[in-house]
Visitor: 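First the structure, which I've put down as structure tokens, then a few questions once you've had a look.
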Amino acid sequence: MDQKVVSPEPPPVSEYPPRLLVIGAGSRGRAYARAVISSSNGILAAVAEPDDYKRNKFGTTMIWGSNSSPPEGASFKDWREFVAYETERRARVEAREKDVPLGIDAAFVCVLDEMHREVVVALSKLGGIHIMCEKPLATTLDHCLDMYKALQDNLDTTGQQTVFSIGHVLRYSPHNKLLRKLLLEDRVIGDILSVVHTEPVGWWHFTHSYVRGNWRRENTSAPSLLTKSCHDIDVLLWLLCSPPDCSSPNCPPPHLPTAVSSTGSLQYFKKSRKPLAAGAATNCLSCPIEQSCKYSAKRIYVGPELVGLGTGNRGWPMSIVLPDIESYGTEQDAKAAVLESLAEDYDENTPDPQVAQRNWFGRCVYESDNDVCDEQIVTISWDEDPQPIRIPNQDGSSWPTGCTAPLADNLNGRGSKLATFHMVAQTKEVCERYTRLYGVEGEIFADSKTITVHNFNTGQNTTHNTRIESLGHGGGDAGLTRQFVMAVDMVKNHGWSTDRAQRELVGCTLDEVIRSHALVFCAEKARKEKKVVDWADWWSKEVESKLE
């Protein structure tokens, strides 16, 4: 049975609510903007977007309204125009000019992955703006480290490092928050021994994004483990590395991995798999077996079966295929425009840079220029790493966090363990992740809706159903947005330090962001070199040495 979406009430609005800029009015920018309106106590104040249609559509529906023109400081053609304006605006304030528009307090960075570094570094140099960056942080480890250093220098007027959040939305869904509580606070299966986590991408969804779309080529984007699954790796580290409660400045150190290995490849979406009956066709609209091929672009984007126009859908992914699709009044007009777009193709004489710079949604999935993995497994292992623990009082009231008498041991949840992550393209489910967790006292099966705990001692099963706060990642989009904006609000209006807001509300440090991204790059090294990588040694050489 489908669960009902139950949106939480937004936090109370302060006298001077956080003013927010969205950089990039694509699908992710719009998702966070909708979450700002529905679930936060901030206000959308500005948008920066190079596409005129997207920018105006975003502004008229979410900022200045359909019957108004954008006010000063609300609409920018790109992030550079915003930075130039904001630099001038601050100079006008400094010169005590009258009636200068208010600035923005925070920015959502939702541009293409490969642009994250230049935008975040530029905002950090401008200084004082709290930042939420869509995942992944950047497409190379060096760019991630550049951003880390820049963000450390992004200080507000009191000299504090500003609040930062990353689009690891899985941390913020009610489902995963409950799972973490059951594991680390309630310890319902005792010490965790192993985890097997699967991300089923979906057979047609993978072709949309990773064969025909933005993230199909490693040299123009990044490995699919980063672009698709970096927040899955982050969740595993959140469950297995991070202490149960990190809201205190005296948070114990993380339990760090020992070794990382990975295997995977582009298994299916390549020319050797092309059906012989397709012949020399490179585009679905001219293919002799188009009607019988499940990857037909007409079937996916036009037909009534999946997510095409025939289902009445003009949102994602149709808005990616045809960004101005909502401007076409009739279904017939929209269909004609979609088919025209799908018919676009290239041949062996087309320069590679021209092929790489755009998407080709009508291209045969066996004839595309994609090279990212469509299946990959990552294995992460931990050795025992006990920390000093307190001796309990006679009444047993002060056992260390995570330990319960009389079964507490010296490891305090920091025993050896193993995690396996599996990203797979050919699945019926579309991003409906599922996880099995094995502990000393029981085991858990968690899908995207329920968490079932089996207790070895009693033989009983307990099923937990969590509410879905929005359709975006089970409430993760709304949860991340709400917590980030609330953190900005508490700093702006309620006297909180940015460090406290980062720990208690964002719940993720900049160090954690770097660690989970670094592990993805470490896993890619292991995969490409076909070896097991020592985590501590790799971290010392590839991360610490570059941050000194």
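Fair warning: this is a prediction, and the values are worked out from it, not measured in the lab.
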Visitor: Using 0.5 Å steps for rounding, measure from the NE2 atom of His175 to the OG atom of Ser448.
Guide: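 Nearest 0.5 Å value for the NE2-OG distance: 6.5 Å.
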Visitor: Using the ring centroid of each side chain, check whether His231 and Trp238 are separated by less than 6.0 Å.
Guide: no
Visitor: Give the minimum heavy-atom separation between Pro257 and Trp382, together with the two atoms involved.
Guide: N-NE1, 3.3 Å
Visitor: Identify the residue among Leu225, Leu237, Val533, Asp234 that makes a side chain to side chain contact (heavy atoms under 4.5 Å, CB included) with Leu519.
Guide: Leu237
Visitor: Where do Leu183 and Ile189 come nearest, in terms of heavy atoms and distance?
Guide: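 Of all heavy-atom pairs spanning Leu183 and Ile189, the closest is CD2-CD1, 3.7 Å.
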Visitor: Return the CZ to CG distance between Phe164 and Leu510, rounded to the nearest 0.5 Å.
Guide: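 Those atoms lie 6.5 Å apart.
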Visitor: Report the C-alpha distance between Val119 and His116 in whole Å, list the side-chain angles of each, state the deciding distance to 0.1 Å, and finish with yes or no for side-chain contact (heavy atoms from CB on, under 4.5 Å).
Guide: CA-CA 5 Å; Val119 177; His116 287 178; over 6 Å; no
Visitor: Is there a donor-acceptor contact under 3.5 Å from the side chain of Ser516 to the main chain of Val513?
Guide: yes
Visitor: Could you tell me whether Glu118 and Arg80 have a side-chain N and a carboxylate O separated by less than 4.0 Å?
Guide: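 Arg80 and Glu118: salt-bridged.
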Visitor: Would you check if the side chain of Ser540 reaches a backbone N or O of Ala536 as a donor-acceptor pair within less than 3.5 Å?
Guide: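 No.
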Visitor: Kindly say whether the aromatic ring centers of His517 and His143 come within a distance under 6.0 Å.
Guide: no
Visitor: Any heavy-atom pair between the side chains of Tyr434 and Pro200 that's under 4.5 Å?
Guide: yes
Visitor: In Å and rounded to the nearest 0.5 Å, what is the OG1 to CD1 distance from Thr61 to Ile37?
Guide: 7.5 Å
Visitor: Run the side-chain contact (heavy atoms from CB on, under 4.5 Å) test on Arg180 and Asn176 for me, step by step, so that the C-alpha distance in whole Å, both residues' side-chain angles and the decisive distance to 0.1 Å come before the verdict.
Guide: CA-CA 6 Å; Arg180 190 172 194 271; Asn176 287 329; over 6 Å; no
Visitor: Run the numbers on Asp537 and Lys541 for salt bridge (charged side-chain N to carboxylate O under 4.0 Å, His left out), then give the verdict.
Guide: CA-CA 6 Å; Asp537 181 63; Lys541 292 177 180 177; 3.4 Å; yes
Visitor: Within the supplied structure, the quantity of interest is the number of heavy atoms (other residues, nucleotides, ligands) at a distance under 6.0 Å from Lys274 NZ; does it exceed 12?
Guide: yes
Visitor: Count the heavy atoms belonging to other residues, nucleotides or ligands that lie under 6.0 Å from NZ of Lys417, then report whether that count exceeds 12.
Guide: yes
Visitor: Is it true that Glu529 and Lys525 have a side-chain N and a carboxylate O under 4.0 angstrom from each other?
Guide: yes
Visitor: Tyr328 and Arg314: side-chain donor and acceptor closer than 3.5 Å?
Guide: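 There is no such pair (donor and acceptor under 3.5 Å, judged by atom type) between the side chains of Tyr328 and Arg314.
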Visitor: Show your reasoning for whether side-chain contact (heavy atoms from CB on, under 4.5 Å) applies to Ser165 and Gln483.
Guide: CA-CA 9 Å; Ser165 184; Gln483 295 303 112; over 6 Å; no
Visitor: When you measure from the side chain of Ser194 to the backbone N and O of Tyr438, does any donor-acceptor pair fall under 3.5 Å?
Guide: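 Answer holds: no.
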Visitor: Where the side chain of Thr311 meets the backbone of Pro304, is there a donor-acceptor pair that is under 3.5 Å apart?
Guide: no
Visitor: Looking at Glu81 and Arg55, is there a salt bridge between them, counting it only when a charged N and a carboxylate O are closer than 4.0 Å?
Guide: no
Visitor: Out of curiosity, His168 NE2 to Cys508 SG, how far, rounded to the nearest 0.5 Å?
Guide: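 Spacing of NE2 (His168) from SG (Cys508) equals 7.5 Å.
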Visitor: Would you mind reporting whether Cys144 and Ile514 have side-chain heavy atoms less than 4.5 Å apart?
Guide: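 When only atoms from C-beta onward are counted, Cys144 and Ile514 do touch, with a gap below 4.5 Å.
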Visitor: When you measure from the side chain of Glu49 to the backbone N and O of Ala25, does any donor-acceptor pair fall under 3.5 Å?
Guide: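 Yes; at least one donor-acceptor contact below 3.5 Å.
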Visitor: Taking only residues two or more places apart in sequence, or in another chain, which ones meet Pro317 in a side chain to side chain contact (heavy atoms under 4.5 Å, CB included)?
Guide: Trp204, His208, Tyr301, Val307, Asn313
Visitor: Taking Asn465 for the side chain and Thr450 for the main chain, is one N or O donor matched with an acceptor at less than 3.5 Å?
Guide: no
Visitor: In this structure, which one of His422, Gln267, Glu524, Lys228 forms a side-chain hydrogen bond (donor to acceptor under 3.5 Å, both in side chains) with Gln376?
Guide: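 Single pass found, and it is Glu524.
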Visitor: Answer yes or no: is there a side-chain heavy-atom contact under 4.5 Å between Trp215 and Asp113?
Guide: yes
Visitor: Would you say Ile320 and Ser27 make side-chain contact, with heavy atoms under 4.5 Å?
Guide: yes
Visitor: What's the shortest heavy-atom distance between Tyr210 and Val372, and which atoms?
Guide: O-CG2, 3.7 Å
Visitor: What's the verdict on side chain to side chain donor-acceptor pair (under 3.5 Å) for Asn283 and Ser286, showing C-alpha distance, side-chain angles and the deciding distance?
Guide: CA-CA 6 Å; Asn283 186 279; Ser286 58; 4.7 Å; no
Visitor: Hey, does Arg212 have a side-chain heavy atom less than 4.5 Å from the side chain of Cys284?
Guide: yes
Visitor: Heavy-atom count check: over 12 atoms from other residues, nucleotides or ligands less than 6.0 Å from Lys546 NZ?
Guide: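 Yes, enclosed.
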Visitor: List the atom of Ala48, the atom of Leu21, and the distance in Å for their closest heavy-atom pair.
Guide: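 Heavy atoms of Ala48 and Leu21 come nearest at N-CD1, 4.0 Å.
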Visitor: Would you say Thr481's side chain and Asp477's backbone share a donor-acceptor pair under 3.5 angstrom?
Guide: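 Here the side-chain-to-backbone pair exists.
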Visitor: Is there a side-chain contact between Tyr346 and Thr282, using heavy atoms and a 4.5 Å cut-off?
Guide: no
Visitor: More than 12 non-hydrogen atoms from neighbouring residues, nucleotides or ligands closer than 6.0 Å to CD on Gln426, yes or no?
Guide: yes
Visitor: Can you name the closest pair of heavy atoms from Ala222 and Thr227 and give their distance?
Guide: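 Closest approach of Ala222 to Thr227: CB-CG2, 3.8 Å.
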Visitor: If we ignore hydrogens and angles and just use 3.5 Å, is the side chain of Asp51 paired with the main-chain N or O of Lys54 as donor and acceptor?
Guide: yes
Visitor: Picking from Asp232, Thr198, Asp447, what satisfies side-chain hydrogen bond (donor to acceptor under 3.5 Å, both in side chains) with Arg433?
Guide: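 That would be Asp232.
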Visitor: Counting C-beta onward and ignoring hydrogens, is there a side-chain heavy-atom pair between Arg515 and Leu256 closer than 4.5 Å?
Guide: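 Counting from C-beta outward, Arg515 and Leu256 do come under 4.5 Å.
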Visitor: For the residue pair Arg482 and Tyr172, would you count it as a cation-pi contact if the rule is NZ or CZ under 6.0 angstrom from the ring centre and within 45 degrees of the ring axis?
Guide: no
Visitor: Do you know which of Trp360, Phe206, Phe269 makes side chain to side chain contact (heavy atoms under 4.5 Å, CB included) with Arg216?
Guide: Trp360
Visitor: Which value, rounded to the nearest 0.5 Å, describes the distance between Phe421 atom CZ and Ile380 atom CD1?
Guide: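 If I round to the nearest 0.5 Å, the distance is 9.5 Å.
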Visitor: Looking at every heavy atom in both Ser262 and Ala523, which two are closest together, and how far apart are they?
Guide: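 So the two residues come closest at CB-O, 3.4 Å.
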Visitor: Would a 4.5 Å heavy-atom cut-off, applied to side chains only, mark Phe82 and Leu123 as touching?
Guide: yes
Visitor: Would the distance check show the side chain of Arg28 and the main-chain N or O of Lys135 forming a donor-acceptor pair, the cut-off being under 3.5 Å?
Guide: no
Visitor: Between Tyr32 and Glu134, is a side chain to side chain donor-acceptor pair (under 3.5 Å) present by the stated rule, with each step listed?
Guide: CA-CA 10 Å; Tyr32 290 122; Glu134 173 58 350; 2.6 Å; yes
Visitor: CG/Leu480 to OG/Ser39 distance, rounded to the nearest 0.5 angstrom?
Guide: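 It comes to 11.5 Å.
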Visitor: Strictly distance-based, threshold 3.5 Å: is any side-chain N or O of Asp371 a donor or acceptor partner for the main-chain N or O of Glu218?
Guide: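 Checked: pair present.
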